[in-house]
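A note on names: the letters A, B, ... follow the listed sequences, proteins ahead of strands, and every chain is numbered from 1.
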There are 2 protein chains.
Amino acid sequence: MAEVAARAGVSAMTVSRALKSDGAVSEETRGRILATVEELGYVLDLSAGALSSKRTGFVAAVIPSINNSNFSDTARGITEAIEGQGLQMLLGYTDYDMEKEEQLVRAMLTRRPDGIIVTDGRHTPKARRMLQSAGIPVVETWDMPADPIDHVVGFSNAEASRALVHRLYQKGYRNIAFIGGASRRDTRGADRRLGYKRAVEELGLPVGRTISFGNPPISMQQGGEAIVQLIEQWPDVDAAVCVSDLSAFGAIMECHRRGWAVPGRIAVAGFGDFEVSRCSWPRITTVAVDCRNIGLEAGRVMLRAIADVRDGRRPGPETLIVPFEVIEREST
Amino acid sequence: MAEVAARAGVSAMTVSRALKSDGAVSEETRGRILATVEELGYVLDLSAGALSSKRTGFVAAVIPSINNSNFSDTARGITEAIEGQGLQMLLGYTDYDMEKEEQLVRAMLTRRPDGIIVTDGRHTPKARRMLQSAGIPVVETWDMPADPIDHVVGFSNAEASRALVHRLYQKGYRNIAFIGGASRRDTRGADRRLGYKRAVEELGLPVGRTISFGNPPISMQQGGEAIVQLIEQWPDVDAAVCVSDLSAFGAIMECHRRGWAVPGRIAVAGFGDFEVSRCSWPRITTVAVDCRNIGLEAGRVMLRAIADVRDGRRPGPETLIVPFEVIEREST
DNA sequence: CCTGACGATGGTATCGATAACAATTTGTTG
DNA sequence: CAACAAATTGTTATCGATACCATCGTCAGG
């Protein structure tokens, strides 16, 4: 930067100002400086700027999986919201593992992000403590935490799942099962199972029709294996609620292969409104959440929070509940 | 850090050493320091360390889309390779847009990564120049660039597509079409189309059976729309090669809906071996590339290159060709 | 008992930018 | 044209760690 400054006949400070959009520099000087920058191929070093300004321009985002289109949509939403504001997303994934989340949070805080967005309402005690004492805005998403750390942009997975079961009941199904992961690592999956459980209980339906299969993320293939197991174990089941659309799809395809009509022999519903659910045949009944919008809103909450910190304001945490919708299609 | 140092009765330098794995500190002192760190809840500030050590510990990774499981698998591979080496991935996506790639590269270089991995062999002239003059290792992946910038871990999309068409020919198909995106933004898609073109020409098959539909990423739904258009335009077509498995899946589902047998009325093949191709019915013939492995290898090449830079070595660029495989399934 | 090697630790300069304030120039108004 | 405000630019200290070199014991070998 000193070199650019010398060449343009100004001080380094003026170069610095010329390179920020809001810098107070005369148009003429800015032009000259930008030309010099171009000429020398100079690239600003934000890692140095971060040190003096005490703002890195990073927003850390922690998602369970980068391969799950629901969460990558959320990541896209976050990017959309913050890019253009001079912020850059620092993305990491936990593989649905709270221990890994803790490590990741630790690693990210080491980079001194201006804020952090996590995709869960539950954390290890250490992770929680780190998030609380980091001194930056925190947004928890995709969940309704019982005891929020700071801001929240989410919905109740249990409520959504419950609503889906009720819808199936209205349609006439009376023996409804749940297919989900075997591990409790996936807290959202656990919440969906809980919602299912509540619904069958309050509807007076047979309970305990639950197949647990594999570790998250539950794959299409596991859905296929699970539905076979389900039908063997409880032949009278007439509908299956799957923890996600992917397992629902796998289940339906396995049914096709075996000549079981969907619906007819068994109805299958999913969760998440993945593209495959809209394009497969039959199309899959599911719960749609606007994943990208969760990211957008989380990003916006983060922008406001960062601006508040910058300007010394101290407003309370925001809680945003995003809507979900049960979408009925041909699979039920 | 000064506070930790004072509390532990040592200098800041010793604290710094205690916090690196390779630091030369006596076990006793390290123990005392780590205890103090824990007690105070101190978190190392890498953004400051980066400035003095001139190594940020970032590896920038630029992929076309975060929603495409092929590329997110590659990103996972990169993470796997570099994490545990004190490196952190800085991920960005271009939406298959070379202009956006340029902006992204610019933004990433501003963070002074220790290396950068891009998912393409073609770039805007400016992007190319920036990558060349950044003074850090560059790995181009998923492609075989005509004129590599530095290291390469890839394969020829054209060759893969050509091999697929040949396999269809062996199976007896004689009127083979291609379904791809309308834009030339997706350079890999363009390469696949090129390979298709070469194959039908050298096999003496009818040429020009090409449907272009929508912007990348080509969705499932667009695959469905495209196959209808294809059959209307050339009713004698007996096989369709799709630019990706997702469009192939959409096409097959649309055929189901309309009662067109796959195969029979028309065979459909994809590209990428997405999970949906293994789990749908019929399962989809495709070209499998080990996406995660591309990331792993790219990460390893990067690790070596960074170590070389650190130790002042200056070996030539590596080129790694990863294998692809045509997998024949029931859809053809 | 001296010497040199080595392990452990400390002191100081420095990485490359920006904040904060100071200084200078320019413009405006009565 | 004086006087003051606004716009522009410069100076210096600083952000929080690490590189580099110096220092101080300790111990083995002669």
Could you state the [atom1]-[atom2] distance from [X] to [N], rounded to the nearest angstrom?
X        : N      : atom1 : atom2 : result
A:Arg17  : C:dA22 : CZ    : P     : 14 Å
B:Arg55  : D:dG16 : CZ    : P     : 23 Å
B:Arg111 : C:dG16 : CZ    : P     : 17 Å
B:Glu27  : C:dG7  : CD    : C1'   : 13 Å
A:Leu19  : D:dT9  : CG    : P     : 14 Å
B:Met1   : C:dT9  : CE    : P     : 15 Å

Practice task
Give a yes/no on whether any side-chain N or O of A:Tyr42 is located under 4.0 angstrom from OP1 or OP2 of C:dA17.
Solution key: yes

Nucleotide of [options] approaching [X] most closely (side-chain heavy atoms):
X       : options                : value
B:Ser52 : C:dT14, D:dC15, C:dA19 : C:dT14
B:Met13 : D:dA17, C:dA20, D:dC20 : D:dC20
A:Ala48 : C:dG16, D:dA19, C:dA8  : C:dG16
A:Lys54 : C:dC15, D:dC15, D:dT11 : D:dC15
A:Leu51 : C:dG16, D:dG10, C:dG11 : C:dG16
A:Asp45 : D:dT9, C:dA17, D:dA17  : C:dA17
B:Ser26 : C:dC21, C:dA8, C:dG10  : C:dA8

Between the CG atom in B:Leu46 and the OG1 atom in B:Thr56, the distance rounded to the nearest 0.5 Å is 9.5 Å

Of B:Arg32 and B:Ser53, the one whose nearest nucleotide on DNA chain C sits closer to the 5' end is B:Arg32

Practice task
Could you tell me whether the side chain of A:Ser133 and the main chain of A:Arg129 form a donor-acceptor pair under 3.5 Å?
Solution key: yes

Exercise. Is there a donor-acceptor pair closer than 3.5 Å between any side-chain N or O of B:Asp95 and the backbone N or O of B:Asp97?
Worked result: no

- prompt: Going by heavy atoms in the side chains, are B:Val25 and B:Val10 under 4.5 Å from each other?
  reply: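 Not touching, per the 4.5 Å side-chain cut-off.
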
Base, sugar-phosphate, or nothing for [X], non-hydrogen atoms under 4.0 angstrom?
X       : value
A:Ser11 : base
A:Ser47 : nothing
A:Leu46 : nothing

Solution key, residues 142-149 of chain A side-chain donor-acceptor pairs under 3.5 Å, sequence neighbours excluded:
from, atom 1, to, atom 2, distance (Å)
A:Trp142, NE1, A:Thr74, OG1, 2.9
A:Asp143, OD2, A:Gly121, N, 3.2
A:Asp147, OD2, A:Arg128, NH2, 3.2

